[in-house]
Amino acid sequence: MGFVPDITAAMPQPTTPLPYLIIDFDSTFTQVEGLDELADIALQGHPDREKVVGEIRALTDRGMSGSLSFSESLQQRLALLPARREHLPVLVEQLKGKVSESIVRNRSFFERFPGRVYIVSSGFREFIEPVVADFGIQADHVLANTFTFDQDGRITGFDPDNVLSRDGGKILQLRELDLSGDVYVLGDGYTDYQIREAGLANRFYAFTENISREAVVARADEVLPSFDEFLYQNKLPMTLSYPKNRIKVLLLENPDVRAAELFRAEGYQVDSVPGGLDEEELMERIEGVSILGIRSKTQVTQRVLDKANRLIAIGAFCIGTNQIDLTEAMKRGVAVFNAPFSNTRSVVELALGEIIMLARRIPEKSPKMHAGEWDKSAKGSFEIRGKKLGIVGYGNIGSQLSVVAEAVGMQVLYYDVAEKLQLGNAVRCRTLPELLQQADIVTLHVDGRKDNTNLIGAAELAMMKPGAILLNNARGHVVDVPALAAALRSGHLGGAAVDVFPYEPKTNDEGFESELRGLPNVLLTPHIGGSTAEAQRNIAEFVPERIMQYINTGNTQQSVNFPNIQLPTQQAHRLIHIHANVPGVLARINNVLAAHHVNILGQYLKTNEQIGYVITDINQEYDQEVIKALREVEHTIKFRVLY
Ligand SMILES: NC(=O)C1=CN([C@@H]2O[C@H](COP(=O)(O)OP(=O)(O)OC[C@H]3O[C@@H](n4cnc5c(N)ncnc54)[C@H](O)[C@@H]3O)[C@@H](O)[C@H]2O)C=CC1
Ligand SMILES: O=C(O)CCC(=O)C(=O)O
């Protein structure tokens, strides 16, 4: 299944009649250079294989980028190549598996218009012809060099009478072809561009799906990251409903590199900004972005969303989503996904470590040792075994910490505003004060909703036992920091660990300010509760997968602001309709479908207070007018078609 953008996307006008397409073979039709691959096969077991293959590749590259004359490059390569006739079938099989992905995807295009496509290549007919034949391209539309062989079947060189073996061979070939009408050239090499330069083609498209050569791209009329893009621009029939290379991803705050890798592998364009962006900066960068990836720092406000003209989804590469205006995103048809448990364990481990460190007053002892002071004493230090751990917020993190804390012998109390399954021997407290008054250590694991601002203030701190310890690994605004600093300074609290702050620096270059700096037995960490290799890797796989699934199938499972729908895939065109949740929209959609005699294969609707999300699978035969009519249904927020 593919993807069509929202109704604002402008579709280009069709190109009629279809121009002649002159397509290069090596690194364009296929992902690789045929001669390089042949060298690899022919040199199997050769002691200098790597060296010779490397030399051949370098010569190919110099020929392609225009820094060495083509005939010189070809001659030198063949001289290095100990290839034989029997290597060719092996090469053909290899190349069949390495046809460019977007060409494979659009096989039906080639099958439908074989008369308009020519493969013009400086490669060799012996391996090109059988590969392109699978796409319905006949031998007389393949223009390429031919090998010469000796009596023993060894490749000795190339046929010098073939124009393609000469410098400027493609130009000579196009002259001989003498095509009338528009001619478009698609290729990755300088010699492809030269056809256009010689005035034998109207347009040159630099094809960069496999390799992007600066000198070639600089001279192109258009750059094609995929063949889908060519078909889309020229409004020709294509397998995807929208070229994936048009989907722009903006990643902030350094998520693990795997995230960018996955998005790139899907064919999206990825831009990364190290650190966060403030509201104004993000407002400037968000235009044209389809997928925004952030962590806990970046605030996605209504003002940012107002500028987000192409936004489809936001990925929070973390658990918390309080930094995103979820309702405003939803009203604009922007789905938000997070990683609800990819870093849970990391936070739990940090909390457990902090409890032990604080109980042994390590934040005081370690700096003293670094300063050369030996302060051996048991004063103020205690075991955590048998102590009461009060967990505020018994969600994924709180409840996992409960199990781990019991395993090391702590008695667990918890308080949650929601009804929660009590694990092990944990004891539920009915109120927050009940917990605060009993616990030796209080740890906060509530979410960052606004109502939780100053959940722990001076009054709550005063309720805590003298000498008790407080941990905040939840969100900075949950604790009144000046009140906490006062409680520590007065000695009422015995220590604290704080990982999250009301204001956090945007990047590692910005300084950190807080009343908590320099206080005794206080562990301060730079919001690293979830910053472990394991957590970051998990998150960087989880979030892109959710987003790509949403884009490719409409599946909103685990979206934090959209009605959740998981759908079976079927042979159908899928209409994805997001609308304001007012009465009658579904009926209107179905009236349009009925009026156009469209056969519905399946339909799914889910609503929440603000929006309705309806997915309709329809028969693949329908009039394009129906799409236009559906876009015009009143209260539509976003509409797209997948096929
Ligand atoms: N320091 C760090 O690097 C990290 C911090 N976090 C923070 O931890 C929070 C909790 O994460 P999870 O356990 O996965 O979330 P969760 O949503 O599973 O659990 C939160 C729990 O807090 C409860 N709650 C909310 N307000 C409350 C209140 N006023 N009093 C008592 N209970 C309340 C909820 O009912 C829920 O059960 C996240 O929302 C995030 O802000 C999460 C991961 C890493
Ligand atoms: O790692 C981060 O940037 C944020 C971690 C966090 O606070 C979360 O997952 O909610």
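In each ligand, atom 1 is the first atom listed, and ligand 1 is the first ligand listed.
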Exercise. Where the closest heavy atom to atom 16 (P) of ligand 1 is concerned, which of Asn396, Asn343, Val392 has it?
Worked result: Asn396

Exercise. For ligand 1, which part of Phe341 has a heavy atom less than 4.0 Å away: the side chain, the backbone, both, or neither?
Worked result: neither

Problem set entry | atom 6 (N) of ligand 1: the protein heavy-atom neighbour that sits closest, reported with distance to 0.1 Å | Asn473 O, 3.8 Å

Exercise. Of all the atoms in ligand 2, which lie at a distance below 4.0 Å from a heavy atom belonging to Ser296?
Worked result: 2 (C), 3 (O), 4 (C)

Exercise. For atom 9 (O) of ligand 2, which protein heavy atom lies nearest, and how many Å away is it?
Worked result: Ile319 N, 2.6 Å

Exercise. So do the side chains of Ile362 and Arg360 get within less than 4.5 Å of each other, counting heavy atoms only?
Worked result: yes

Problem set entry | Asn245 side chain to Glu229 side chain, donor-acceptor N/O pair below 3.5 angstrom | yes

Problem set entry | Parallel, tilted or perpendicular: ring planes of Tyr613 versus Phe562, cut at 30 and 60 degrees | perpendicular

Exercise. Between atom NZ of Lys297 and atom CD of Glu253, what is the distance when rounded to the nearest 0.5 Å?
Worked result: 8.0 Å

Seminar exercise, completed: Between Gly390 and Ala439, the two heavy atoms sitting closest are N-CB, 3.7 Å

Exercise. Going by heavy atoms, is Leu455 under 4.0 Å from ligand 1?
Worked result: yes

For this session: Check whether any heavy atom of His527 sits under 4.0 Å from an atom of ligand 2.
Result: yes

For this session: Counting heavy atoms only, name the option from Leu350, Asn452, Asp447, Val500 that's nearest to atom 29 (N) of ligand 1.
Result: Asn452

For this session: Tell me, please: is Gly320 in heavy-atom contact with ligand 2, that is, under 4.0 Å?
Result: yes

For this session: Among all protein heavy atoms, pick out the one at the shortest distance from atom 24 (N) of ligand 1; state its residue, atom name and that distance to 0.1 Å.
Result: Val417 CG2, 3.7 Å

Exercise. Any nitrogen or oxygen of Asn343, main chain or side chain, under 3.5 Å from a nitrogen or oxygen of ligand 2?
Worked result: yes

Seminar exercise, completed: A student checking ligand 1 against Val347 at a 4.0 Å heavy-atom cut-off should list atoms 4 (C), 43 (C), 44 (C)

For this session: Please verify whether a non-hydrogen atom of Arg475 lies at under 4.0 Å from ligand 2.
Result: yes

Exercise. Hey, looking at atom 21 (C) of ligand 1, which of Val498, Asn472, Asp416, Asp499 has the closest heavy atom?
Worked result: Asp416

Exercise. To the nearest 0.1 Å, how far is atom 9 (C) of ligand 1 from its closest protein heavy atom, and which atom is that?
Worked result: Val446 O, 3.3 Å

